[in-house]
Number of protein chains: 2
Amino acid sequence: MKLNLKIIIHFFGLLLLFNGAFMLLSSLVSSIYNDEVTLEIFKAGVTVLIIGGIFMIVSLKHKKEMNKREGYIVVTFGWIIMALSGTLPYMFTGVIPNFTNAFFETISGYTTTGATILTDIESLPKGILFWRSLTHWIGGMGIIVLAIAILPLLGIGGMELFAAEAPGPSADKLHPRITDTAKRLWLIYFGYTAAETVLLQVAGMNFFDAINHSMCTLSTGGFSTKNASLAHYNSQPIIQYIIIVFMFLAGTNFVLSYYAFKGRIKKVLQDEEFKLYFRFIAVFTIIAAVIIYFYADVSASSIDHPMVWGEAESSFRHALFQVIAIVTTTGFVTADFTLWTSFLVVFFFGLMFLGGSAGSTAGGVKVVRHLLMIKNGFLEFKRTLHPNAVVPVRYNKSAISGVIVFNILAFFILYMLSFIIGALGFSLLGLDFESAIGVAASSLGNVGPALGEFGPVNNFYDMPTIGKWWCSFLMLVGRLELFTVLILMSPFFWRNR
Amino acid sequence: MKLNLKIIIHFFGLLLLFNGAFMLLSSLVSSIYNDEVTLEIFKAGVTVLIIGGIFMIVSLKHKKEMNKREGYIVVTFGWIIMALSGTLPYMFTGVIPNFTNAFFETISGYTTTGATILTDIESLPKGILFWRSLTHWIGGMGIIVLAIAILPLLGIGGMELFAAEAPGPSADKLHPRITDTAKRLWLIYFGYTAAETVLLQVAGMNFFDAINHSMCTLSTGGFSTKNASLAHYNSQPIIQYIIIVFMFLAGTNFVLSYYAFKGRIKKVLQDEEFKLYFRFIAVFTIIAAVIIYFYADVSASSIDHPMVWGEAESSFRHALFQVIAIVTTTGFVTADFTLWTSFLVVFFFGLMFLGGSAGSTAGGVKVVRHLLMIKNGFLEFKRTLHPNAVVPVRYNKSAISGVIVFNILAFFILYMLSFIIGALGFSLLGLDFESAIGVAASSLGNVGPALGEFGPVNNFYDMPTIGKWWCSFLMLVGRLELFTVLILMSPFFWRNR
């Protein structure tokens with residue numbers, strides 16, 4: 001089977017035009033704040049637009065249809081091309097002169113991970129900070145269309161389940177159009193971002209920080225315009241609560257937000273994944289809050305205790321914030337949670353494997369997969385006792401086909417395998433046990449902050465060069481639900497049949 | 001459904017009689033070495049025999065048939081009763097006066113884990129050392145009959161696959177007789193133990209140490225009669241090589257040994273699990289040897305370099321020994337492998353999740369499960385690309401039913417869940433990240449040595465009391481293939497229907 005190269009190049013061209021246009025927007029922001037890098041960002045944008053234009057011209061008269069194999073290539077290399085072109089604003093302005101560092105920062109942006117190699121964020125030009133937040137926000141848009149319109153067609157990891165109006169994986173040919181659903185969800189994504197910006201401003205944040213944090217919240221990214229991340233706002237609890245609410249929304253299936261706006265609240269409240277997502281957060285917050293309140297060495301972790309509502313409120317807020325930030329894989333921090341207690345280190349490490357809801361911008365394994373694995377686990381006990389009984393896994397009242405459950409179990413095993421190979425890679429570069437394990441879990445889950453040397457108050461600047469590429473690879477693999485990337489490495493994918 | 005209590009008590013009685021008889025044997029050893037605890041061990045044995053006798057009398061005229069539910073109870077509580085009664089020699093002699101410590105040491109024995117709370121092993125009476133090694137050896141016998149004759153009937157984790165002559169999981173009633181196969185395998189187990197004892201003596205070990213180390217090798221246990229474990233014999237490489245060979249055999253399906261003795265070598269060499277087990281060990285040994293030779297800080301880890309064959313041989317031997325000791329979950333040590341390099345810490349941590357072959361005395365996930373998970377993972381890529389193709393997983397040339405693959409995937413997920421809950425428990429008791437994660441992985445996999453504070457050169461004496469019970473629980477859960485123990489905790493198990 002020959003690959004239809006023209007349609008692949010056509011999509012790469014589209015992505016580059018899209019990316020270039022966003023660079024011009026950053027250049028505009030730069031000029032408004034008069035930060036002296038306007039021209040460099042503008043040049044980066046024009047360069048990307050020209051390359052994108054060439055791609056479009058070369059791929060004129062492409063076929064309108066794509067097959068699955070082309071789909072995998074477009075998605076994986078599409079993300080890589082975005083990250084490659086996205087380095088130009090950093091490189092042209094000299095903010096990140098080193099290519100490895102620039103690539104790390106952009107892929108961390110587009111995969112909505114939020115790990116950074118920058119050491120003094122607050123000193124950077126506003127145009128660059130805006131571009132950095134934009135890479136998250138664009139990545140988030142990509143994830144929504146991926147989850148709703150593309151992955152279900154590619155048959156990845158049970159994603160068929162979550163797509164509201166996906167035509168199902170039966171057809172081998174797929175029509176790569178952005179569905180109406182995706183457009184509606186983008187509107188919600190945009191609306192949430194605007195709403196958070198306004199609310200943060202009302203709560204006392206300036207407009208620039210508000211819009212940047214909003215873009216990084218809705219994409220569950222985690223870049224901040226402050227060196228201390230959200231710990232910068234420890235004396236303004238209301239700001240942290242606003243971010244908590246929007247992180248929660250960003251980690252919820254956007255289709256449910258759509259139903260909520262349509263007034264179909266019952267459908268939201270009956271959604272099994274949403275219920276478990278909510279319960280997970282509630283239970284984990286209570287556990288963390290109790291531990292923080294009674295046992296944590298809060299002074300060492302530099303939790304600031306505003307006396308507004310006292311210590312109990314502060315413990316609850318930091319617990320809730322950190323639990324939601326890790327579960328939704330946003331990765332904002334309000335304190336160095338690795339210094340709280342030994343228990344909470346293992347606890348947050350475990351949460352890195354949870355992930356938000358499917359159909360959200362969150363990374364990780366995802367709540368629905370855990371839900372189906374737990375259900376299947378219980379049923380396995382029943383099947384063991386009564387081997388002749390047929391007991392299918394049910395989700396939102398319908399029986400799930402064995403094929404999908406199989407796919408989810410295989411996904412989890414592949415995830416754990418990627419994790420241990422990831423950790424081995426980091427340890428080979430000399431990272432200690434805790435750091436190696438933490439960075440692997442965090443990168444693969446697109447969380448951001450890790451453990452040990454790369455904990456919440458550190459950055460990735462001192463990571464060895466090969467380690468930065470290894471991180472980048474893991475972030476991409478995790479973000480694209482493993483199969484999309486790893487299938488390109490299987491020999492039979494490239495074999496002609 | 002009412003439980004048939006009489007048959008359960010009958011089996012407990014049998015186990016106690018069996019255990020008591022072995023205590024009398026230890027008392028005999030004690031008298032031969034004239035170690036002054038002969039009478040105490042004898043009293044322990046008589047006590048256990050009397051209790052066992054009462055159980056047998058109470059359960060006269062029991063039904064001859066057991067159902068599955070009774071099977072789970074007999075297996076789980078059988079192991080617990082062995083461990084409870086096995087504490088008596090330690091307690092009566094005052095060698096381990098504390099009950100928690102005594103229980104930890106016995107359950108670590110019967111589960112063939114090999115973690116110890118003893119601080120000065122060499123100072124103990126010979127009778128007690130012999131009893132300690134016997135708990136491993138009895139545990140190993142139990143595992144063989146479990147793997148070959150019981151678990152396949154209970155339908156646990158794909159164990160149907162490995163049983164040579166098991167009647168299959170179709171019948172609800174099971175006849176709890178020790179099959180002829182189990183008896184033949186016991187003979188091989190006994191023969192290997194005798195052969196190793198002779199070889200170790202020829203290599204220069206005294207008879208007592210030889211028989212003890214042999215019992216602890218064949219059961220993949222890992223208790224040693226030396227404080228430094230096998231590092232004690234660093235200047236006698238030939239002893240370490242002998243132990244390497246028998247650890248390898250102990251981690252191989254005993255059914256394959258049986259075939260080998262019958263001259264059916266081809267059947268052994270074509271066995272897919274055996275091939276992968278061999279390849280895993282070969283590849284991991286090469287990796288570890290290269291790292292040790294070029295990078296490890298050998299002086300810090302107290303590797304002793306006999307100049308007999310030079311450093312290369314020493315690096316290779318330590319690598320091979322440690323890889324086999326961890327993969328087969330024996331847990332003997334020749335050096336503090338956690339001090340070699342950061343990479344090897346993560347590496348050996350990863351190996352703790354591998355496990356030996358099914359049908360061997362090794363613990364852990366087991367090679368065959370990894371094999372089928374890997375195969376299924378690859379097939380999942382194919383299924384993703386060609387959703388209409390039917391591609392079953394094949395093992396030793398026959399297609400494996402989806403039910404068994406499902407069961408194996410569920411087993412692995414439950415294993416990972418038990419691991420993270422295990423680690424959370426230890427961290428709650430104040431263990432640091434590395435120790436908590438390491439002890440959980442080691443206990444669940446029945447390895448023995450863990451990481452951090454409970455690494456290869458440490459012991460479990462300083463573990464908090466609750467932690468010792470938590471370890472004991474994880475050892476039991478891991479040893480009995482999770483389902484056997486955990487099914488007893490599911491509400492529907494106890495529900496009348």
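Note on naming: letters A, B, ... go to the chains in the order of the sequence lines (proteins, then strands), and numbering restarts at 1 for each one.
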If we define contacts as heavy-atom pairs under 4.5 Å, which of A/Asp432, A/Val345, A/Ile413 has the most with chain B?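 Among A/Asp432, A/Val345, A/Ile413, the one with the most close pairs to chain B is A/Ile413.
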Quick one: of B/Glu434, B/Met373, B/Met416, who has the most non-hydrogen atom pairs under 4.5 Å with chain A?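 Looking at each option in turn, the highest pair count goes to B/Glu434.
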Would you mind telling me which of B/Phe349, B/Phe347, B/Phe378, B/Phe353 has the largest number of heavy-atom pairs within less than 4.5 Å of chain A?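 Answer, by heavy-atom pair count under 4.5 Å with chain A: B/Phe349.
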Taking NZ, NE, NH1 and NH2 as the nitrogens, is one of them in A/Arg369 or A/Glu481 under 4.0 Å from a carboxylate oxygen of the other?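 Yes.
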N/O donor-acceptor pair under 3.5 Å between B/Ser442 side chain and B/Gly438 backbone: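 Here the side-chain-to-backbone pair does not exist.
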All side chain to side chain donor-acceptor pair (under 3.5 Å) counterparts of B/Asn4, not counting sequence neighbours: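 Checked B/Asn4 against side chain to side chain donor-acceptor pair (under 3.5 Å); zero matches.
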Select one option (side chain, backbone, both, neither) describing which atoms of [X] are under 4.5 Å from chain B's heavy atoms.
| X | result |
| --- | --- |
| A/Leu431 | backbone |
| A/Phe412 | side chain |
| A/Leu451 | side chain |

Between A/Asn458 and A/Glu453, do the side chains contain a donor N or O and an acceptor N or O under 3.5 Å apart?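 No, no side-chain donor-acceptor pair sits under 3.5 Å.
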Distance-only donor-acceptor hits, side chain of residues 417-429 of chain B, under 3.5 Å, sequence neighbours excluded:
from	atom 1	to	atom 2	distance (Å)
B/Ser418	OG	B/Leu414	O	2.7
B/Ser427	OG	B/Ala423	O	3.4
B/Ser427	OG	B/Leu424	O	2.8

Output, in order, the C-alpha distance, side-chain angles, deciding distance and verdict of side chain to side chain contact (heavy atoms under 4.5 Å, CB included) for B/Tyr293 and B/Val290. CA-CA 5 Å; B/Tyr293 188 76; B/Val290 167; 5.9 Å; no
Please state whether the side chain, the backbone, both or neither of B/Ile374 comes within less than 4.5 Å of a heavy atom of chain A.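 Answer is neither: B/Ile374 stays 4.5 Å or more from chain A.
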